[in-house]
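Encoded as structure tokens, the structure appears first; notes follow it.
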There are 2 protein chains.
Amino acid sequence: MTSAPYASRERSTKERILGAAEALFATHGFAGASLRQVTAAARVNLAAVNYHFGSKDKLIEEVFRRRLDELNTRRLAALAKVAGQEDTSLEDVLDAYIRPALDLSRNDGGAAAFVRVLARAYAEHNETLRKFLSENYGHVLRQFAGEFARLLPGLAKDEIYWRLDIVTGALTYAMADFGIIQRKSDVDERDHRETAAEHLIRFAAAGLRNPSVSTSTATR
Amino acid sequence: MTSAPYASRERSTKERILGAAEALFATHGFAGASLRQVTAAARVNLAAVNYHFGSKDKLIEEVFRRRLDELNTRRLAALAKVAGQEDTSLEDVLDAYIRPALDLSRNDGGAAAFVRVLARAYAEHNETLRKFLSENYGHVLRQFAGEFARLLPGLAKDEIYWRLDIVTGALTYAMADFGIIQRKSDVDERDHRETAAEHLIRFAAAGLRNPSVSTSTATR
DNA sequence: GTTTGAATCAAACGATCGTTTGAGAATACG
DNA sequence: CGTATTCTCAAACGATCGTTTGATTCAAAC
């Protein structure tokens, strides 16, 4: 076997590190969470991170790759179900874009932390991470833009990307649960996110349907 | 006098520290930017931070307070010009909410960094900072919500706050210039932000005007 | 049973962090 | 002027950071 000899534990050392890192990066940031905190939370030796991942930066990359691949797949699968069909509504495509992102934080307790990690990555404004995201998401975004263009024939390509950018902003914000609106203690988190998704989809649909205005020079 | 004896310099030590800290916090985060970087950029001795501000945390608070007070004032002033009047449009109120935030980054080179700092503060998800922001912005948000309620009589109060939250998310995202769409090199940053403001306002107006739906069972 | 290689561990490495110190320079005030 | 106060500065403090080392433990290969 190529797998770890120590695999008798519930989860492998690598997975425990990834999980702990995800949670701690979400709450303390990449620079704020130390490898000592991470390894302690994972009940793993300090040296394990450098042994399994090489460095802290590589660990951060792995945290991203693991979840992004999943989100990538889910979004494209959801889009494939509605793309190109005659009775597809704008809300259906928005749902395919928004729901997998919000779902990611419901199905898995660990993934809930990741959405905050993702939002933080945007805030970090790190050029390396930005490039990494753009390379891994460029084709996804392009596919969605194409489908939106089909459903909104009145809008220019530039305009579509502008509006998709706004939707992504609101989605990122919602995923990270940044909102001013505090979830009431008697409301389940699932329900809260479901409500957030519904509001977001309806709001975004209205914004996207808005007829285009001749804007002198389209910049972005 | 209570002012600094060394005041013969172009700007005081405190102000130079604040400016440098703002810029470095924006690019490297609060934990990522060290006081040695900050003091070096400000051409100031390392000990000056603890002498003038007490600690790094207090410095962070000061960076926030300085700009937030200004944004606070501008937003309320802009709102006062249109609130309660007969011919006020939804776009006018949105403009009062959105433009001061985006303007902050155009009038002053230093303030441009702050909008990223602000966005990062949301991402940090720090409970202390969140409380600080909510205490300093609660009344502003309430005033805007009241005006929106007047212009959108068909919407419940809860619904208003939900949608304002979405607008804030997209605005935060836009302020930080997170967008996937890169600004073309031949486009001035002022024009870029102006275009961003226009898109955001029109998008948000459409989303806000969207008639309310009985929330019970929604989407899909 | 011996060998082999992967995985874990305690301990230490040098670097950098935020903060403190104490002496000295610059200004204010009598 | 002399004294007091404010500010600056180089240097060092202890703590913590990411990383490396070398010995040890474990499971499988032969």
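An OP1 or OP2 oxygen of D:dT8 is reached within less than 4.0 angstrom by a side-chain nitrogen or oxygen of B:His52. Residue A:Ser55 has no polar side-chain atom (N or O) positioned under 4.0 Å from OP1 or OP2 of D:dG18. Contact check, A:Ser34 against D:dT16: no side-chain N or O comes under 4.0 Å of OP1 or OP2. Residue A:Asn45 has a polar side-chain atom (N or O) positioned under 4.0 Å from OP1 or OP2 of C:dA10. Taking only side-chain nitrogens and oxygens, A:Thr13 never comes nearer than 4.0 Å to OP1 or OP2 of C:dA7.
Between A:Glu61 and A:Arg65 there is a salt bridge, since at least one side-chain N of the basic residue sits less than 4.0 Å from a carboxylate O of the acidic one. A salt bridge links B:Arg67 with B:Glu22; the closest basic N to acidic carboxylate O contact falls under 4.0 Å. Ion pairing between a basic and an acidic side chain is recognised when a charged N comes within 4.0 Å of a carboxylate O; A:Glu62 and A:Arg66 show no such pairing.
The backbone N or O of B:Ala197 sits nowhere less than 3.5 Å from a side-chain atom of B:Arg99 that would complete a donor-acceptor pair.
When rounded to the nearest whole Å, the span between CG of B:Asn50 and P of C:dT19 equals 5 Å. Atoms CG (A:Leu46) and C1' (D:dT20) sit 10 Å apart, rounded to a whole Å. In this structure, A:His28 atom NE2 and D:dG18 atom P are separated by 13 Å, rounded to whole Å. If you measure from atom CZ of B:Arg16 to atom C1' of D:dC7, you get 13 Å, rounded to the nearest angstrom. Between the P atom of D:dT19 and the CZ atom of A:Phe53 lies a distance of 13 Å, rounded to the nearest Å. Between the NZ atom of A:Lys58 and the C1' atom of D:dT19 there is a distance of 14 Å, given to the nearest Å. At whole-Å resolution of the value, NZ in B:Lys56 and P in C:dT16 are 15 Å apart. When rounded to the nearest whole Å, the span between CD1 of A:Ile17 and C1' of D:dG18 equals 14 Å.
No hydrogens or angles considered: nothing links the side chains of B:Tyr51 and B:Thr13 as a donor-acceptor pair under 3.5 Å.
Across the interface with DNA chain D, nearest-nucleotide mapping of B:Arg36 and A:Val49 shows B:Arg36 to be the residue nearer the 5′ end. Nearer to the 5' terminus of DNA chain D, by closest-nucleotide assignment, is the contact made by A:Gly32 (compared with the other of A:Tyr51 and A:Gly32).
Counting any heavy atom pair closer than 4.0 Å across all strands shown, B:Ala48 reaches no nucleic acid atom.
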